[in-house]
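Quick notes on the structure that follows.
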Amino acid sequence: MRSKKSRLNDSDSSTAPKRRKGKTSTDDHAGANVSLGLMREFVSAIFDVGLKHASPSAIMEFMHPNPNITSERVKSHLQKYRKNRDKSRKEFMTSYENSLQGFKIVQEKISMMTRVRIGEDSLVVRLQLIAPISCHRREE
DNA sequence: GTCGGAATAT
DNA sequence: CATATTCCGA
């Protein structure tokens, strides 16, 4: 019946209720890297189960049973994995779109130059005024 | 009660 | 920045 723990911790964080995870030792030491093999396994498992259906439990199915690995840890790694993935995709998309736009601009200039060479001056000027962006046909 | 995921904390 | 913990909805 104690406090409901509002979203933001209502100050008073002194009596650390944090429960430290019992270090079951087994293999991991070196606080720096929390097991490399496990990370490898994790990613590999994601490929196995498929990106679409990747869920903590599903991923764990494809990993060697390890008492240290809990669904919560997998879940956390999944979150990180997805975040990185989204970031990569976004970056790729923007760079790709930028490339496309640059290409379009070049195309426009080229077609304009072509028209200048072909047409009479007055006609070209009017064309440019009316239709700055021309649609070109490529069939046959 | 569990599970998955986002939000938040360390 | 990586990992852990918490909150919340199916």
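Computed over heavy atoms, backbone and side chain alike; hydrogens, waters and symmetry mates excluded. Order of the sequence lines sets the chain letters (A, B, ...), proteins ahead of strands, with each chain counted from 1.
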Interatomic distance, A:L78 CG vs C:dT3 C1' [rounded to whole Å]: 14 Å
Touch class at under 4.0 angstrom, heavy-atom based, for A:S55 against every strand present: sugar-phosphate
Give every donor-acceptor pair under 3.5 Å between a side-chain atom in residues 91-99 of chain A and any protein atom, sequence neighbours left out.
from	atom 1	to	atom 2	distance (Å)
A:T94	OG1	A:K90	O	3.3
A:T94	OG1	A:E91	O	2.8
A:S95	OG	A:F92	O	3.2
A:N98	ND2	A:T94	O	3.3
A:S99	OG	A:S95	O	3.0

Separation of C:dC7 P from A:E72 CD (nearest whole Å): 13 Å
Residues in ring pair (Phe, Tyr, Trp, His ring centres under 6.0 Å) contact with A:Y81, at least two apart in sequence or another chain: none
Atom pair distance, as rounded to whole Å: CG in A:L38 and P in C:dA4: 11 Å
A:K83 NZ - C:dC1 C1' separation (whole Å): 8 Å
Of residues 57-65 of chain A, the positions that come close to DNA chain B - non-hydrogen atoms, cut-off under 4.0 Å: A:S57
Hydrophobic cluster membership, A:M113 vs A:I105, 4.5 Å side-chain cutoff: no
Listed partners of A:K104 passing side chain to side chain contact (heavy atoms under 4.5 Å, CB included), at least two apart: none
Between C:dT6 (C1') and A:R73 (CZ): distance, integer Å: 18 Å
Check: C:dA2 base within 3.5 Å donor-acceptor of A:Q79 side chain: no
Pairs meeting criterion ring pair (Phe, Tyr, Trp, His ring centres under 6.0 Å) with involvement of residues 40-66 of chain A, two or more places apart: A:F42-A:H77
Connected-component partners of A:I110 among ILVMFWY, side-chain separation under 4.5 Å: A:V106
Value in whole Å for how far the P atom of C:dC1 lies from OH of A:Y81: 19 Å
Rounded interatomic separation in angstrom, taking CG from A:N84 and C1' from C:dC1: 10 Å
Length of the CD1-P vector between A:I69 and C:dT3, whole Å: 11 Å
A:K80, nearest nucleotide to its side chain (from C:dA2, B:dG5, B:dT8): C:dA2
Side-chain donor or acceptor of A:S88 paired with backbone N/O of A:N84 under 3.5 Å: yes
